[in-house]
Amino acid sequence: MTEVVVLERPRAGVAVLRLNRPEARNALSMPVREALARHLTDLAGDDGVRAVVLTGGPDVFAAGADIKAMATAGPAEMMRRGVERLWAPIKDFPKPLIAAVNGWALGGGCELAMHADIIIAGASARFGQPEIKVGIMPGAGGTQRLVRAVGRYKAMKLLLTGEPVDAAEAEAMGLVSEVVPDAETLGRALDLAAAIAALPALAVCKIKEVVRAGADLPLDAALVLERQALHLLFDTADQKEGMAAFIEKRKPAFNQT
Ligand code: CO8
């Protein structure tokens, strides 16, 4: 049977999750959501993986929630599906998640990209929240993460019109980290993931944790979190090694402890 999400391990410390439903433009059906959640739960506990790249392949990232699977659903059925439990392992994934986006990232697909820590966009990438055009609204953070990422006025334009933005516009508004030619999107994401995977993993995870948790806290509380996490890292072997290597003018040999 065809796997709707393919897991690969192309580089040391790096896993790739590739959405694989091209016939439906990688629409997020329940099996796709369940596979994503299952893989990310497993990868969170896998010491051999220190960064994950999420991609939809060379042509499309994801066209959003599966419209055909919800067109006739009622509210009780939507509640019963409880898709928030399947978003949770993505939202709470503790290691760096890099989205490699070519083509459409619409609705739930745009929201999926916004769960990543770094977004590499190919020149063909198009981001949008077109839910309004099918009579609904975003349901996986599109009204919240998008506003936090690009500001209210850029976000409102996308949300209220449903019109997408291209890669250049997305970069200008701060929705993506970097734009590259389509043929280089996955390679660039893999290079970044491999570079991050070679750095001290405990510090990497603490940076992610503090950036995420601090974003919605008052500044003073967030600064306390930052300071405590920093102090904790002085108990790691990689801090001792990193600083000793700097002083001795040699390359550090991190052992991820
Ligand atoms: N759901 C289901 N099927 C889809 C979807 C989708 N979101 N997108 C594309 N498909 C299917 C098409 O129906 C078509 O199937 P078939 O061959 O059987 O007719 C196939 O994929 C190819 O689609 P197109 O021919 O349209 O391909 P194009 O390359 O011409 O266009 C687009 C690609 C632009 C992506 C276009 O398909 C499109 O606009 N798709 C819909 C995008 C959209 O509206 N997304 C938002 C969905 S709603 C959402 O994400 C939020 C839901 C919040 C609640 C979640 C709780 C569960």
Side-chain angles (χ1 to χ4, degrees), residues 2-11 14-29 31-33 35-36 39-40 43 49 51-67 87 90 93 95-131 133 138 140-142 145-146 149-150 154-155 158 162-197:
T2 315
E3 288 179 276
V4 288
V5 177
V6 178
L7 169 65
E8 286 156 358
R9 294 165 189 267
R11 311 253 185 110
V14 177
V16 174
L17 288 175
R18 179 168 51 82
L19 306 183
N20 185 34
R21 238 196 128 200
E23 73 286 357
R25 305 298 183 264
N26 290 335
L28 304 172
S29 60
V32 171
R33 293 166 189 270
L36 260 182
H39 281 307
L40 284 168
L43 293 171
V49 170
V52 173
V53 172
L54 184 58
T55 182
D59 302 320
V60 64
F61 185 68
D66 192 315
I67 296 172
W87 282 106
I90 312 174
F93 190 62
K95 306 171 188 184
L97 193 57
I98 302 178
V101 180
N102 276 1
W104 296 107
L106 294 178
C110 186
E111 291 170 311
L112 180 61
M114 287 192 289
H115 277 69
D117 303 299
I118 295 174
I119 302 178
I120 303 300
S124 71
R126 300 281 180 279
F127 297 84
Q129 299 286 168
E131 288 89 344
K133 293 185 176 179
R145 289 196 182 88
L146 188 61
V150 306
K154 294 284 187 193
L158 267 82
E163 289 301 314
V165 291
D166 64 17
E169 224 180 314
E171 187 181 33
M173 65 172 68
L175 185 54
V176 306
S177 313
E178 205 174 300
V179 179
V180 299
D182 272 2
E184 295 168 23
T185 316
L186 182 60
R188 176 65 181 145
L190 284 174
D191 287 349
L192 282 172
I196 293 168

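These values consider heavy atoms only, across backbone and side chains, with no hydrogens, waters or symmetry-generated copies.
A 6.0 Å sphere centred on NZ of Lys95 holds more than 12 heavy atoms belonging to other residues, nucleotides or ligands.
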side-chain contact (heavy atoms from CB on, under 4.5 Å) between Phe93 and His115, worked out
CA-CA 9 Å; Phe93 190 62; His115 277 69; over 6 Å; no

Is there a side-chain contact (heavy atoms from CB on, under 4.5 Å) between Leu158 and Met173 once you walk through the steps?
CA-CA 12 Å; Leu158 267 82; Met173 65 172 68; 4.0 Å; yes

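At a threshold of 4.0 Å, the pair Lys133-Glu163 counts as salt-bridged, since one of the basic side-chain nitrogens sits closer than that to a carboxylate oxygen.
Using a 4.5 Å heavy-atom cutoff, the side chains of Met114 and Phe127 are not in contact. Put simply, the side chain of Val101 does not reach to within 4.5 Å of the side chain of Val176, judged on heavy atoms. For the pair Asp191/Arg11, a side-chain contact is recorded, criterion being any heavy-atom separation below 4.5 Å from C-beta on.
With hydrogens and angles ignored, the 3.5 Å screen pairs no side-chain donor or acceptor of Gln129 with any backbone N or O of Gly142. The main-chain N or O of Val6 is never found under 3.5 Å from a side-chain atom of Arg18 such that the two would form a donor-acceptor pair. Put simply, the side chain of Asn26 gets close to the backbone of Gly56: a donor and an acceptor are under 3.5 Å apart. Checked by atom type and distance alone, the side chain of Arg145 pairs as donor or acceptor with a backbone atom of Ala140 at under 3.5 Å.
Shown here are the side chain to side chain contact (heavy atoms under 4.5 Å, CB included) partners of Pro31, two or more places apart in sequence or in another chain: Val4, Ser29.
Residues Val150 and Ala155 come closest through the heavy atom pair CG2-N, 3.6 Å. Taking each heavy atom of Leu19 and Ala62 in turn, the nearest pair found is CD1-CB, 3.9 Å. Pro58 and Asn102 get closest at one heavy-atom pair: O-ND2, 3.0 Å. For the residue pair Leu54 and Phe61, the shortest heavy atom distance occurs at O-CE1, 3.7 Å. Scanning both residues, Arg188 and Ile120, for their nearest heavy atoms gives CG-CG2, 4.1 Å. Nearest heavy atoms, Pro138 versus Glu111: CB-OE2, 3.3 Å.
Applying the side-chain hydrogen bond (donor to acceptor under 3.5 Å, both in side chains) definition to pairs two or more places apart or across chains, those involving residues 51-66 are Arg21-Asp66.
The structure places CG of Leu175 at 5.5 Å from CD1 of Ile119, a figure rounded to the nearest 0.5 Å. A distance of 11.5 Å separates CG of Leu146 from NZ of Lys154, quoted to the nearest 0.5 Å. Between the CG atom of Leu7 and the CG atom of Leu40 there is a distance of 9.5 Å, given to the nearest 0.5 Å.
With respect to Ser124, the side chain to side chain contact (heavy atoms under 4.5 Å, CB included) criterion is satisfied by exactly one of Thr185, Asp166, Asp182: Asp182.
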